[in-house]
Every structure is written in structure tokens, then in C-alpha cells.
Number of protein chains: 2
Amino acid sequence: MPLHLIRKLESFTRLSVLDRQALESITVEKQRRLGAREDIICEGDRPSHINLILDGWACRYKQLEDGRRQIISFFLPGDLCDSHVYVLQAMDHSIGTLTPVTFAEMSRESLIQITNRQPRIMQALWWDTLVSASIQREWTVNLGQRSATERVGHLLCELFVRLRTVGLTEGDGCLLPVTQADLADAMGLSTVHINRTLQELRGAGLIVLKGRHLTVPDLKALQVASLFNPNYLHLDHVGRHLDAGAVAES
Amino acid sequence: MPLHLIRKLESFTRLSVLDRQALESITVEKQRRLGAREDIICEGDRPSHINLILDGWACRYKQLEDGRRQIISFFLPGDLCDSHVYVLQAMDHSIGTLTPVTFAEMSRESLIQITNRQPRIMQALWWDTLVSASIQREWTVNLGQRSATERVGHLLCELFVRLRTVGLTEGDGCLLPVTQADLADAMGLSTVHINRTLQELRGAGLIVLKGRHLTVPDLKALQVASLFNPNYLHLDHVGRHLDAGAVAES
DNA sequence: CGTCTCGTTGACAATGATCAATTCATGTGG
DNA sequence: CCACATGAATTGATCATTGTCAACGAGACG
């Protein structure tokens, strides 16, 4: 399995062979596998590991006392669950799987070791952390300002671009392995309205969504309709100028 | 002026006299003052400084092409605007004042110097960064799941507790120097509805809000009504166990 | 074949938005 | 001190988006 994390970090900077080997060594450390709808970490836990999603989709979520659930963010293959929470005492939210998930548990120590030895990895992981924060801010805008149609369209744009970054799209299509109820909990809408919103997007020819497969025939059009500006994903290869001794590779 | 930042960090860990002096030296470095409704940093800028709010309120915000504005977070005295953005190429959002604001511009270099010399400050700033991220997540929950009344109540709880942490409350009261339009842009509601929501909270005896002064006669009651759980602010003095050679001070 | 989850549909209710005044507070210039 | 301008808060009336409830259909699986 190609490491999606490497693919993602290389959209920021170029990694040397050593960098890649270091990152690959992480995934061997300790792999775990969970089924769909299981918790990786629960609110109140004190996490001891940093988790890297290797395969499948997971999410951060919070449950209110009366049962309402908000999905706070999606974790796709290549995403790190929490790089630095160990400073805090306890998780203020939970992390759970949406599909069956394979992930690697990295100890804090080995991560520190690797980043100390490979400063470029440190910088790339910093970039990843900052982009995650930026995505969280964009979600605030999405929930606060956009209509249901714009909101769902925006989410689909974001997921499609993020999946493309880790090499999980094929042409204009990708898998979208979550239920409409999950999308509803993420977008703060009811499942019924998610359903109607998806139909609207279908009707406008902006998406094709059947089973678990999404096609975006005209990404630009969907972006315009959803007021999606990809700048917040910071995929502009900023770090490439740091490129020093890296071998040019395909 | 007492340094609100110090007050805040001490709700996480205990600082030595040296730590405090180091932090105070920051504020001398370069102070700037802006009026209300001015931009500190604009979307697209490449920020060169880290800004510390000394006095007044500011906010992160994003403006959509069609004019809609979302306030993404509030900056209160003692808040750091952006500790680490220098990894990214350009700001994906703007930071602007809501009231007249005094802030200190810290160079990246002097911050690095200080945190290298005073590891406890480094850890405390880490804590601050992580709490900011946690607040952003809670806003996602707030906008996604809570009704208008709960949402506004929740925001007022958060602001009250944060202000109390930096010593800007007096008993059960504090200043709330923003307009209802600002609150509307932050909560994703119309100004008219913010107005009616505030009246509802007033009518329920949960808040007294007159002019720019807010009183919360029964914080616990407001918390319950708003489903506010303060755990996400991580004010539980986790770092106190790190306390080693710090002198006991009043 | 029955059960389960997920997606879909219709009818209706409710929350919050929009529009348009009006009041209130504050500050300014004459 | 008053007339006036300005921005903010408030109100009423109406509209629209989205939620709720309930039912049904389709596919997956033991």
C-alpha cells in the first residue's frame, strides 16, 4: 500500500528517500484494525498514541447530552488524528470510525525521534497541522454562512480535493463511503434535507452519486456553485523552495 | 497594565518570575494601536509577526464573494493571534478589530528565543494553541447543533469564562463591547434574530445586557440552558504538576 | 425469507430570515 | 442648549428554508 501520508506531505514539500523511509517505518510500528462505527478514542480518555489513518474513513465527533451528534471533522487515509494532544489532560471529543479502518499507532517518542532526525518531516507535519486547523475554520464558515446546497457542495469539493491529494480519486470520481446520516451530522442538517440537497445537486448536473461512488463531472462548476475557494487547503507547494538535496523522482 | 496572557497561562501552569519577565519583555517590543473596525492582517497577506492582544477585542473573519461575513473566532486581551502561520504561504482569512485595540507585535525570532530559554513557556503556549483549536471545534458543534438560544447562550458562557480567566470580569459582570451585528456574524444568525434571542435570554432571567455591560446572575443556569460544558477550555490546571522550582507567589 | 440499514418521498410545522419602520443613544456643529 | 446626523437596538409582518413525522422502497445478508 502506498503511504497516503507521504503523498499528502509531498504536496507541500519534496521528501528525500530517507524522509520517506522514516515515514514508512511509522506504519509498521503497530497497526490496528477496527470495524465501522467503533470508537478509536473516547471523550475523557487520555490518548497515549498518535494515530495515522492508513485505510478507511474516521471522524472527530461530539455528542451532546440529549443525543445530538456533531461530526467535527473527517479523517481520510493519510490523516493524523492528533499530533499534540498529549499536552492536554483529557480528550474533549471522541474519534470514531465511519467505515472499517486500519490505522497505525505511533508513540509520541518515535514521532519526536523522527522529526528530530528529519527536519523536513517536522516542517511538513507542521504544515499538515496548520492545514487541519484551517479546515476547521472553513467549516465554521460553512456552517455559519452557507445554504444547505452550498454547504453540501462545499463539503464534497473539499473531500474530493483532499482525496485527490492522497491519490484516492480516479479521474473525476471517488468513493464516498459514508451514509447520508453521517453527512447530516457533519453539516448540521437533517438526513431528509441532506437527501433533498443531494438530489438538487444531482438535478443541476453538478454531481453523480450512486451507491458509494461520487463523480464530479465539472469540479470548477461545483466549486463556483458552492463558493468553494481551495486556498484554505494550502496545496500550493509552498515548501518546495526548501528542496535541497532531494532526488528528482517521478 | 497586568499582562492578561500571563494570567491565562497560569490557569494551565505555574510560571516562575523569570518566565513572567520574559513574557513581559514581549509586550515592550513593539506596540501598535488601531481603531475599531480596522484590519490587523488581511487575507492574502504573508504575516511576519505574531500579535498579542493587549487591550480590546478583535476577531478572525472570512468574507464570501457575495459579502456574507463569518466571524470565525474572537480574540480577547491575552490572546495570541497566530503562533505558527509562518509555515503557510498566505493568510486564508483576515484578522480585524471590533473595538479599538492595542496589540504587541512579536517577531518570530524573539518568540523562538524565549521559548527555547524558558521551556515552561513553550509548553504553556502549546497549551494555548491547543485550547484555541478546541474552541474552534466547539464552534463547529455550536453552529451545527444548537438552536439560536442555546447558541448565543453558549457563546456568552464561553466569553464570560474566558474573560474571567484573564481577570476581565467583576463578580458576575463583564464588558461585552461588540454590536449585535457582530454577534450575528459570529453565530450565523441575522441581527434581528440575535436581538430576539437576547431578549429571550433576558426574559428567562439568564442574562442582563444593557449597553455594553453583561451580567450573568447565575452562570450555572446559563450553562445548563446552553448545554455548555467548560471541559473544552481545559482550565483544569493540568500543567501544575510540572511545577518544580517555581516560587509560591500570591 | 425475514430483518436491517439506508435512501427516498409527502405533508406539515417551526425556526429563523427578510423587509421596513421606528426608537434610542450618542455625538457634533451651530 | 437645541437641531440634526449617525449607528445601534428594537418591533411587526411576512416569507423561506429547513426540520419533523411517518411511511415506503431497495438492497445486503444471514
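All heavy atoms count here, side chains included; hydrogens, waters and symmetry mates do not. Letters A, B, ... are given to chains in the order of the sequence lines, protein chains preceding strands, and every chain is numbered from 1. None of the values given here were measured: they were computed from a predicted structure.
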Which donor-acceptor pairs under 3.5 Å do the side chains of residues 216-225 of chain A make with protein atoms, sequence neighbours left out?
residue	atom	partner	partner atom	Å
A/Asp218	OD1	A/Lys220	N	3.3
A/Asp218	OD1	A/Ala221	N	3.1

Please tabulate the protein-to-nucleotide N/O contacts below 3.5 Å involving nucleotides 17-23 of chain D, giving atom names and distances.
residue	atom	partner	partner atom	Å
D/dT18	OP1	A/Ala148	N	3.1
D/dG19	OP1	A/Gly188	O	3.4
D/dG19	OP1	A/Ser190	N	3.2
D/dG19	OP2	A/Ser190	N	3.1
D/dG19	OP2	A/Ser190	OG	3.1

Near-strand residues of residues 200-212 of chain A, defined as heavy-atom separation under 4.0 angstrom from DNA chain C: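 Residues of residues 200-212 of chain A that come under 4.0 Å of DNA chain C are, in numerical order, A/Arg202, A/Arg212.
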
Working to the nearest 0.5 Å, report the span between [atom1] of [X] and [atom2] of [Y].
X	Y	atom1	atom2	result
B/Arg69	B/Ser94	CZ	OG	10.5 Å
A/Glu105	A/Cys81	CD	SG	10.0 Å
A/Ile135	A/Leu233	CD1	CG	5.5 Å
B/Glu29	B/Leu52	CD	CG	11.0 Å
A/Gln70	A/Arg60	CD	CZ	13.0 Å
A/Ile194	A/Gln180	CD1	CD	7.5 Å

Could you go through nucleotides 28-30 of chain D and list every protein N or O atom that sits under 3.5 Å from one of its N or O atoms, giving the distance for each pair?
none

With a 4.0 angstrom cut-off to heavy atoms of chain B, pull out the first and last contacting nucleotide of DNA chain C, in 5'-to-3' order. C/dG16 to C/dC19

N/O donor to acceptor pairs below 3.5 angstrom from side-chain atoms of residues 34-45 of chain A, sequence neighbours left out:
residue	atom	partner	partner atom	Å
A/Arg37	NH2	A/Asp182	OD2	3.2
A/Glu38	OE2	A/Gly35	N	2.8
A/Asp39	OD1	A/Tyr61	OH	2.6
A/Asp39	OD2	A/Tyr61	OH	3.2
A/Glu43	OE2	B/Asn231	ND2	3.2
A/Asp45	OD2	A/Cys42	N	3.1

Smallest separation among heavy atoms of B/Asp128 and B/Lys8, with atom names: OD1-NZ, 2.8 Å

If you take all heavy atoms of A/Leu143 and A/Ala186, which pair is closest and at what distance?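 In this case the closest contact between A/Leu143 and A/Ala186 is CD2-O, 4.0 Å.
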
What pairs of residues pass the ring pair (Phe, Tyr, Trp, His ring centres under 6.0 Å) test when at least one of them lies in residues 173-197 of chain B, not counting sequence neighbours?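 For residues 173-197 of chain B, and leaving out neighbouring residues, there are no ring pair (Phe, Tyr, Trp, His ring centres under 6.0 Å) pairs at all.
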
Within-4.5 Å side-chain heavy-atom neighbours: A/Thr197 and A/Leu183: no

Single hit among B/His93, B/Gln136, B/Arg137 for side chain to side chain donor-acceptor pair (under 3.5 Å) with A/Thr140: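 Testing A/Thr140 for a side chain to side chain donor-acceptor pair (under 3.5 Å) against B/His93, B/Gln136, B/Arg137 leaves exactly one candidate, B/Gln136.
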
Of all residues at least two apart in sequence or in a different chain, which pass the ring pair (Phe, Tyr, Trp, His ring centres under 6.0 Å) check with B/Tyr232?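 Ring pair (Phe, Tyr, Trp, His ring centres under 6.0 Å) list for B/Tyr232, sorted by chain: B/His154, B/Phe228.
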
Just how large is the angle between the end axes of the helix from C/dC1-D/dG30 to C/dG30-D/dC1, five pairs per end, to 10 degrees? 30°

What parts of residues 56-68 of chain A reach DNA chain D, counting only heavy atoms under 4.0 Å away?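 Going residue by residue through residues 56-68 of chain A, none turns out to have a heavy atom under 4.0 Å of DNA chain D.
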
Determine whether a donor-acceptor pair (N or O, by modelled atom type, separation under 3.5 Å) exists between the side chain of B/Gln145 and the backbone of A/Gly188.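 Such a contact is absent between B/Gln145 side chain and A/Gly188 backbone.
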
How many whole angstroms separate atom CG of B/Leu183 from atom P of D/dA8?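 To the nearest whole Å, that distance equals 12 Å.
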
Expected list for residues 202-209 of chain A: side-chain donor-acceptor pairs under 3.5 angstrom, two or more places apart:
residue	atom	partner	partner atom	Å
A/Arg202	NE	A/Leu209	O	3.2
A/Arg202	NH2	A/Leu209	O	3.2

Could you pull out all donor-acceptor pairs under 3.5 Å where a side-chain atom in residues 164-178 of chain B meets a protein atom, sequence neighbours excluded?
residue	atom	partner	partner atom	Å
B/Thr165	OG1	B/Val161	O	2.8

